[in-house]
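Lettering of chains follows the sequences in order, A, B, ..., and the numbering in each one begins at 1. Side-chain atoms are counted along with the backbone in the values below, which use heavy atoms only and exclude waters and symmetry mates.
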4 protein chains.
Amino acid sequence: MGADAGGSTNRSRATTAKHRGNRHGRSEEARQSVLEAADGLLVEVGYTRLTIEGIAERAGVAKQTIYRWWPSKNDILMDAFVQDAAEALVPSDTADLRRDLRTHARKVAHFLTASDAGAVFRALTAQAQHDPALAARLRFEHLGKQRGYDRLPFERAIARGALDPGADIDLAVDQIMGPVYYRVLVTRQDVPEEFTDTLVDAVLDRLGGA
Amino acid sequence: MGADAGGSTNRSRATTAKHRGNRHGRSEEARQSVLEAADGLLVEVGYTRLTIEGIAERAGVAKQTIYRWWPSKNDILMDAFVQDAAEALVPSDTADLRRDLRTHARKVAHFLTASDAGAVFRALTAQAQHDPALAARLRFEHLGKQRGYDRLPFERAIARGALDPGADIDLAVDQIMGPVYYRVLVTRQDVPEEFTDTLVDAVLDRLGGA
Amino acid sequence: MGADAGGSTNRSRATTAKHRGNRHGRSEEARQSVLEAADGLLVEVGYTRLTIEGIAERAGVAKQTIYRWWPSKNDILMDAFVQDAAEALVPSDTADLRRDLRTHARKVAHFLTASDAGAVFRALTAQAQHDPALAARLRFEHLGKQRGYDRLPFERAIARGALDPGADIDLAVDQIMGPVYYRVLVTRQDVPEEFTDTLVDAVLDRLGGA
Amino acid sequence: MGADAGGSTNRSRATTAKHRGNRHGRSEEARQSVLEAADGLLVEVGYTRLTIEGIAERAGVAKQTIYRWWPSKNDILMDAFVQDAAEALVPSDTADLRRDLRTHARKVAHFLTASDAGAVFRALTAQAQHDPALAARLRFEHLGKQRGYDRLPFERAIARGALDPGADIDLAVDQIMGPVYYRVLVTRQDVPEEFTDTLVDAVLDRLGGA
DNA sequence: TTGTAATCGAGACGGTACGTCCTGTCTTAAC
DNA sequence: GTTAAGACAGGACGTACCGTCTCGATTACAA
């Protein structure tokens, strides 16, 4: 997307950070205010009443500016989500697999149920049911990386010799994360820490018992 | 909604002397053709392009007739789903817990990934993320009953003394169904029989080992 | 049209005047309340917002009862008008042509500008511009008779020898009534008594001077 | 509403006449095709079956474009009428009052009974009975000017010394025009030239005889 | 120093679908 | 056999957004 104009070139932009668009690229200011407006409106009015026109008005931006850079409402939310949630769910490393997994599962549950970014994720996951292209973006830009984080504690444990290298890590991740997402997206039950802890223990008991 | 006004209740009407005017109620024909049109169009054009006007046209029904009986597009789909999927997912009973669970998990996976009713369910679950009222209807009219079916093999096993009566059945159900729904709704991976079998075995190994 | 069931047969109805519809014919009560509801609603909400459904509700009558007896909204108003305005505009007879005409012209002006029946007449005349059938009914059931009344003072004057029998009475009526209706329907100016008196005088000066 | 964006300002627009509507103003092309469609449909299907949707379709214009610029169906017709009938009824000047009045009265009668613009005028006058705002627009944008034209022959006669300066011109206009409009709008009789000639003569005989 | 090219805001446009209102027809049960 | 009640197919209403388009202003580099 090349949407990111910040970063190492910000010295040359220091004096012109507020440009309103010219031949040399898009307005970073407009981009930011669109993403923030989308984020805010999603929380305030919900996905259904979130409109491009509403985002444009809230962002103080022309509708065409949005259409120039984003193909659809979902793509705006996707960008907003990627920007906001980039850091979130990296698991800790205490050299204690059970502890790391428990902490990580709790963090994921909290993200899904209690954070703004989680609300955006739920909305995007919902829309992805009707929109294969969005589903693909979600997979490539979020879920793949997330799967990497989810696997990380197991891989570290293997590296330090604390876990059988033949363990089926993806299965283990599905067994821990599956019930969490299931409760959040389907049954809408709470996801207390006892629940995630129990899931982790069940997986580790099987893996450890080998 | 008391959507059914015709049918078996006409006996009680014969004695109801206190009618002022017509109580002939809604047209069952119109109701059916709306539900069928909604079903068909959802499969053909997808949720996003499914419109009330399209349903009305396909059903040969006036738009107002739809609005008279259904508050929203989602409520039509909900009715269609309830009608179609009423029978579907009752587990078999072979007096073999492992076999019954494996069969049931495979049937659920097939329902979610390969049936028309499953497509409606996925669409409804997606919309329920944005619509608490729909979420409530889904819970009360489908998921509650479904949870009963999912628990049934365990309860039968307890009844016949093959399982510890203290087993946490709801947890076990979450551990089997959670990863299935997770793959369907989130990661969009296939759900092969080896996967569901493994989930069942993992749960039973723990329960049996108690 | 046969819309009128009253009149000379009302003796035989005396004992059944309040029936709500049976084998003996239409409900006079329903007919009356429809006409009154139409009248009242026309004054209250205006022609544009006058609906059959509104009339039915106000009259406490089923919509079908209206459609059974009246072909259209305008026909209801026409009946209401005929019933209300039957008596209104019969000219007095003082054996003084000028005085009779002045009085009559004033009464017509007052009818058009200040009476409820006049409001109905204006509405009907307006709709008659778009509806030839209504225009015909207006002509046959009102304007013809009204023209007779308008001519009456002249005919009486001829009969008593006070006016040349060769006078063009229709022209004279047009010259007096035309400007009155013109002000009411087109320019919406007031129609004061000085104005109608002057019109009468102008006509009589010509006729008398012949 | 400032519904008129064309007209005297079109000089400044000369170079941008083909724009399709942007921040600098509305599309003149859309405006024209709406007015023409309304005009044509009124003549073809009549006022009652004239719909905004029909106009939009015929004009090849979106419904919202109509609602953006005209508050109602009547306002469209009013604009169409003002545009079409701007030139129409200016009286000739032959320095012969009787001849000018006769010619003018004939032209007015012809306009009302035999022209497309006259059909629009009759429809508007009819609707003005139910709509005070429309009545006001008709008065200000047409009838005032028309009254000026109707008075013109008399004023010219006074200017050239052929008529008593104290003559009541408005009364004379009412006496000539009133019966014409009366026949057109109320009695629906023909308005032959003998009739208008007689009206003119009656008025002039009185004025001239003073 | 000026011209050029890309972006910006603004907003009118042709459309689609919305949810509402009313029309005129039909059916039913009550009286 | 008329009535009140009200469901029905149909169709227009006026609104909200969609995604496209043109416009004049703004800006930064290149000529």
Inset, instruction - Using a cut-off of strictly less than 4.0 Å between a heavy atom of the residue and any atom of DNA chain F, enumerate the qualifying residues of residues 41-53 of chain A by number. - result: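 Of all residues in residues 41-53 of chain A, the ones placing a heavy atom under 4.0 Å from DNA chain F are A:Thr51, A:Ile52, A:Glu53.
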
How would you list, by chain and number, every residue that makes a side chain to side chain contact (heavy atoms under 4.5 Å, CB included) with [X], sequence neighbours excluded?
| X | answer |
| --- | --- |
| A:Gln32 | A:Glu28, A:Glu36, A:Gln83 |
| D:Ala135 | C:Arg188, D:Ala128, D:Arg139 |
| D:Asp75 | D:Trp70, D:Pro71, D:Ser72, D:Arg137 |

With a 4.0 Å cutoff (strictly under), does any side-chain N or O of [X] reach OP1 or OP2 of [N]?
| X | N | result |
| --- | --- | --- |
| C:Arg68 | F:dT3 | yes |
| B:Trp69 | F:dA7 | no |
| D:Thr65 | E:dG14 | yes |
| C:Trp70 | E:dG24 | no |

Could you check how far [atom1] of [X] sits from [atom2] of [N], rounded to whole Å?
| X | N | atom1 | atom2 | answer |
| --- | --- | --- | --- | --- |
| A:Glu57 | E:dG11 | CD | C1' | 13 Å |
| B:Asn74 | E:dC18 | CG | C1' | 15 Å |
| C:Tyr67 | F:dA4 | OH | P | 15 Å |
| D:Glu29 | E:dG14 | CD | C1' | 12 Å |
| D:Arg31 | E:dC13 | CZ | C1' | 17 Å |
| D:Arg26 | E:dA10 | CZ | C1' | 18 Å |

Show me the donor-acceptor pairs within less than 3.5 Å that the side chains of residues 54-63 of chain C make with the rest of the protein, sequence neighbours left out.
unit_1  : atom_1 : unit_2  : atom_2 : d
C:Arg58 : NH2    : C:Glu44 : OE1    : 2.9
C:Arg58 : NH2    : C:Glu44 : OE2    : 2.7
C:Lys63 : NZ     : C:Glu53 : OE2    : 3.0

(Q) Whether the side chain of A:Gln64 and the base of F:dC21 hold a donor-acceptor pair under 3.5 Å is what I'd like checked. (A)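 For A:Gln64, whose side chain was compared with the base of F:dC21, there is a donor-acceptor pair (under 3.5 Å).
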
Discussion item. Tell me if the side-chain of D:Lys63 makes a donor-acceptor pair with the base of E:dG14, cut-off 3.5 Å, by modelled atom types.
Written reply: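 By the distance-only test, no, there is no pair.
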
query: Hey, does B:Gly54 reach any base, or is it just sugar-phosphate, or nothing, if we go heavy atoms under 4.0 Å?
result: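 Since no nucleic acid heavy atom lies under 4.0 Å of B:Gly54, the category is nothing.
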
Can you list everything that forms a side-chain hydrogen bond (donor to acceptor under 3.5 Å, both in side chains) with C:Asp39? Sequence neighbours excluded, please.
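C:Asp39 satisfies side-chain hydrogen bond (donor to acceptor under 3.5 Å, both in side chains) with no residue once adjacent residues are dropped.
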
Just by distance, with hydrogens left out, do B:Tyr47 and A:Gln129 show a side-chain donor and acceptor under 3.5 Å apart?
->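 The criterion, which ignores hydrogens and geometry beyond distance, is not satisfied for A:Gln129 and B:Tyr47.
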
- Within-4.5 Å side-chain heavy-atom neighbours: D:Gln127 and C:His130: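 Yes; the side chains approach each other to less than 4.5 Å.
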
